[in-house]
Amino acid sequence: MNSIKPKSNRAPVGSVQCENTTLNLLKANDFVAKAVREKLPGMLVINICSAPGSGKTTLMQETGKRLAGKINMAVLVGDPETERDAVRMREVGINALQIVTGGMCHIEAQMVLQALDHINLEGVDLLFIENVGNLVCPAAFDLGEDYRVTVLASTEGDDKPKKYPRMFLTSELMLISKADLLPYVPFSVEAVTKDAREVNADIDVITISSLKGDGMEQWCNWLLQKVAEKKSSAPVH
Amino acid sequence: MHEISLIQNIFTTLEETFPGRMNQLARIRITAGLLTNVQPALMQSAFDAVTATAPQYAGIKLEVEVTPVLIYCDDCKKTTEVVNYRFVCECGKPSKKIVQGEELMISQVAFSDEI
């Protein structure tokens with residue numbers, strides 16, 4: 001193990017000195033994530049993750065409509081390209097800012113920290129970070145959120161928690177979306193809940209349909225409760 | 001995954017940690033927990049791609065070690081390997097206390113005095 005090929009043509013007469021290290025490769029991201037947390041005391045931050053097309057943006061639109069007048073909500077939305085999602089949210093009156101990741105498969109904490117300077121968060125109680133549609137890479141990046149919520153559409157199949165375990169392991173809540181399509185697709189809420197809880201015994205599960213309204217009240221109540229908890233835990237100025 | 005940026009991250013981290021010794025760097029070992037989704041073959045390809053365009057890194061070897069997921073049970077005080085992503089202790093109690101499997105780090109570097 002301790003011998004290596006020399007870079008020159010000489011025989012390997014030199015010694016090799018090994019140093020054991022514990023240099024965390026995500027150190028920089030974790031450091032910035034901490035800075036994001038410190039910058040937003042008392043504000044509930046939720047990192048919304050899912051595969052592309054699970055209905056994250058529609059969920060944000062409908063959530064914004066339902067929470068209007070109750071709490072102030074804002075959204076940072078990440079996509080590899082285009083401003084389309086932020087435009088869709090602004091159309092329904094949501095304070096939204098697009099993070100274009102420039103092809104990157106996930107949002108990193110640095111992108112969130114920079115975005116905070118470009119969005120007015122005065123009086124905001126709840127900040128969503130809508131991650132890039134991807135169940136793999138975003139799981140490894142702390143964005144400074146309080147909770148991660150994973151959206152899984154009924155059309156994606158009920159086998160995802162075991163295929164993408166880290167995402168479900170690190171999520172507080174699994175939202176099963178497009179519930180209105182459940183009668184038409186081979187998707188078992190019971191099976192997906194069982195698999196998700198084998199990975200993460202504490203995960204909450206809510207079945208919703210953003211378009212038809214099923215479960216939206218339960219989801220909004222979940223949010224309102226977490227917002228209240230966050231506010232009461234924040235240091236009083 | 002995002003292997004290229006990870007590899008660039010490795011070199012940035014090492015340059016910060018071992019300034020002045022980079023020209024002696026012979027081998028880098030990465031320890032990646034199973035939960036990081038790091039694939040050794042893809043990391044190797046990305047490493048080759050990055051070093052091919054950076055002459056100062058020519059000849060450096062990469063080793064990637066993937067470690068299994070281990071959880072600790074508060075009840076029976078035992079550490080169990082997670083198989084098939086079932087985060088449940090042998091005693092039947094679920095546990096999310098991960099003691100290994102999430103790490104992504106440079107665990108060893110070897111310097112040669114050949115140069």
- Which atom pair, heavy atoms only, marks the closest approach of B:Y85 to A:V199? O-CG2, 3.4 Å

- Query: CG of A:L23 to CE of B:M105: how many Å apart, nearest 0.5 Å?
  - Reply: 9.0 Å

- Message: Does B:R21 form a side chain to side chain contact (heavy atoms under 4.5 Å, CB included) with A:E19? I'd like the steps, not just the answer.
- Response: CA-CA 12 Å; B:R21 294 178 77 190; A:E19 286 192 27; 2.7 Å; yes

- Counting heavy-atom pairs under 4.5 angstrom with chain A, the leader among B:V82, B:T31, B:T17 is B:T17

- Message: Which atoms of B:E102 are under 4.5 Å from chain A, going by heavy atoms: the side chain, the backbone, both sets, or neither?
- Response: both

- Task: Quick one: closest heavy-atom pair of B:L35 and A:R166, and the distance?
- Result: O-CD, 2.9 Å

- Query: Do other residues, nucleotides or ligands put more than 12 heavy atoms under 6.0 Å from the NZ atom of B:K97?
  - Reply: no

- How far does CG of A:D195 sit from CZ of B:R86, to the nearest 0.5 angstrom? 10.5 Å

- Message: Could you measure the distance from the CD atom of B:Q108 to the SG atom of A:C18? Nearest 0.5 Å is fine.
- Response: 4.0 Å

- Message: To the closest 0.5 Å, what do you measure between OG (B:S95) and CG (A:D202)?
- Response: 9.5 Å

- Heavy-atom closest pair (A:L25 atom, B:N9 atom, distance to 0.1 Å) is O-ND2, 2.9 Å

- Output yes when a side-chain donor or acceptor of B:K96 lies under 3.5 Å from a complementary backbone atom of A:A201, and no otherwise. no

- Message: Evaluate B:I98 against A:L169 for side chain to side chain contact (heavy atoms under 4.5 Å, CB included), listing each step before the verdict.
- Response: CA-CA 10 Å; B:I98 298 165; A:L169 177 69; 3.3 Å; yes

- Bottom line for B:I30: the part with an atom under 4.5 Å from chain A's heavy atoms is side chain

- Query: Could you go step by step and tell me if A:T21 and B:R29 meet the side chain to side chain contact (heavy atoms under 4.5 Å, CB included) rule?
  - Reply: CA-CA 9 Å; A:T21 58; B:R29 181 185 296 164; over 6 Å; no

